[in-house]
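Note sheet for the following structure.
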Amino acid sequence: MTKPQVEALYGVPLNKVSKRDGGESWFYDLVYTTTQHETQQTSPVETRNAAERGAMAQSEQTWSVTTSSSSTDHTHRASVDFNSSSQVIAIPRGTPAGVR
């Protein structure tokens, strides 16, 4: 990926820093999302029909399952690093903050 391709994808960088080896780092505010899932299950609840309390009594078990999920956005400043030939050598995790 080249500098023009990165700029087309990420936009204008917040800051550019030249490196000693002739490369460059472009800094962006990036966002990534983490999702947490939780499942809760209750113990079975046994119920019997009052008319069937003998040896042939039948019972039912009732279970309850609850699921929930939550997402959290994390913003961090990170650099896209280029070598001296203007080719990308490292792209951080995330989406540019202004793109979402």
Side-chain angles (χ1 to χ4, degrees):
M1 187 177 280
T2 64
K3 288 180 179 181
Q5 290 170 323
V6 170
E7 197 161 8
L9 182 64
Y10 284 80
V12 177
L14 300 170
N15 189 25
K16 294 180 181 180
V17 175
S18 296
K19 299 188 292 186
R20 288 184 187 174
D21 65 2
E24 200 169 35
S25 294
W26 289 9
F27 289 86
Y28 293 92
D29 283 339
L30 301 177
V31 177
Y32 67 93
T33 302
T34 56
T35 304
Q36 185 175 25
H37 300 282
E38 184 176 330
T39 302
Q40 295 178 342
Q41 179 176 317
T42 61
S43 297
V45 176
E46 193 169 308
T47 56
R48 290 186 182 202
N49 185 330
E52 300 176 342
R53 293 191 192 257
M56 299 294 289
Q58 293 185 5
S59 64
E60 291 182 358
Q61 289 186 339
T62 304
W63 295 76
S64 175
V65 176
T66 304
T67 60
S68 63
S69 65
S70 63
S71 297
T72 304
D73 286 343
H74 304 275
T75 302
H76 64 111
R77 184 153 298 170
S79 66
V80 176
D81 298 321
F82 298 92
N83 62 19
S84 59
S85 300
S86 297
Q87 294 294 315
V88 170
I89 55 174
I91 292 185
R93 172 182 179 187
T95 302
V99 173
R100 290 190 151 201

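In what follows, residues are counted from 1 in the order of the sequence shown.
Across Tyr28 and Gly11, no two heavy atoms sit closer than the pair OH-O, 2.8 Å. Nearest heavy atoms, Thr35 versus Ser69: CG2-CB, 4.5 Å. Closest of all the heavy-atom pairs between Glu24 and Lys19 is N-CE, 3.7 Å. Shown here for Ser84 and Asp21, the closest heavy-atom pair between the two residues is CB-O, 3.6 Å. What you find for Pro92 and Ser79 is that their closest heavy atoms are CD-O, 3.2 Å.
Note that the CG atom of Asp81 and the CH2 atom of Trp26 stand 12.0 Å from one another [nearest 0.5 Å]. In this structure, NE2 in His76 is found 9.0 Å from CG in Asp29, a value given to the nearest 0.5 Å. A distance of 9.5 Å separates NE2 of His37 from OG of Ser68, quoted to the nearest 0.5 Å.
Note on Val6 and Leu30: same hydrophobic cluster, where clusters join Ile, Leu, Val, Met, Phe, Trp and Tyr whose side-chain heavy atoms are under 4.5 Å apart, directly or indirectly. Phe82 and Met1 fall within the same hydrophobic cluster, where Ile, Leu, Val, Met, Phe, Trp and Tyr residues are linked whenever their side-chain heavy atoms come under 4.5 Å apart, directly or through other members. Hydrophobic cluster membership is shared by Val88 and Leu9, with clusters built from Ile, Leu, Val, Met, Phe, Trp and Tyr side chains linked at under 4.5 angstrom.
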Determine, stepwise, if the pair Gln87 / Thr2 fulfils side chain to side chain contact (heavy atoms under 4.5 Å, CB included). CA-CA 5 Å; Gln87 294 294 315; Thr2 64; 3.4 Å; yes

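Other residues, nucleotides and ligands place no more than 12 heavy atoms under 6.0 Å from the CD atom of Gln36.
With no hydrogens or angles considered, a side-chain donor-acceptor pair links Glu38 and Gln40 at under 3.5 Å.
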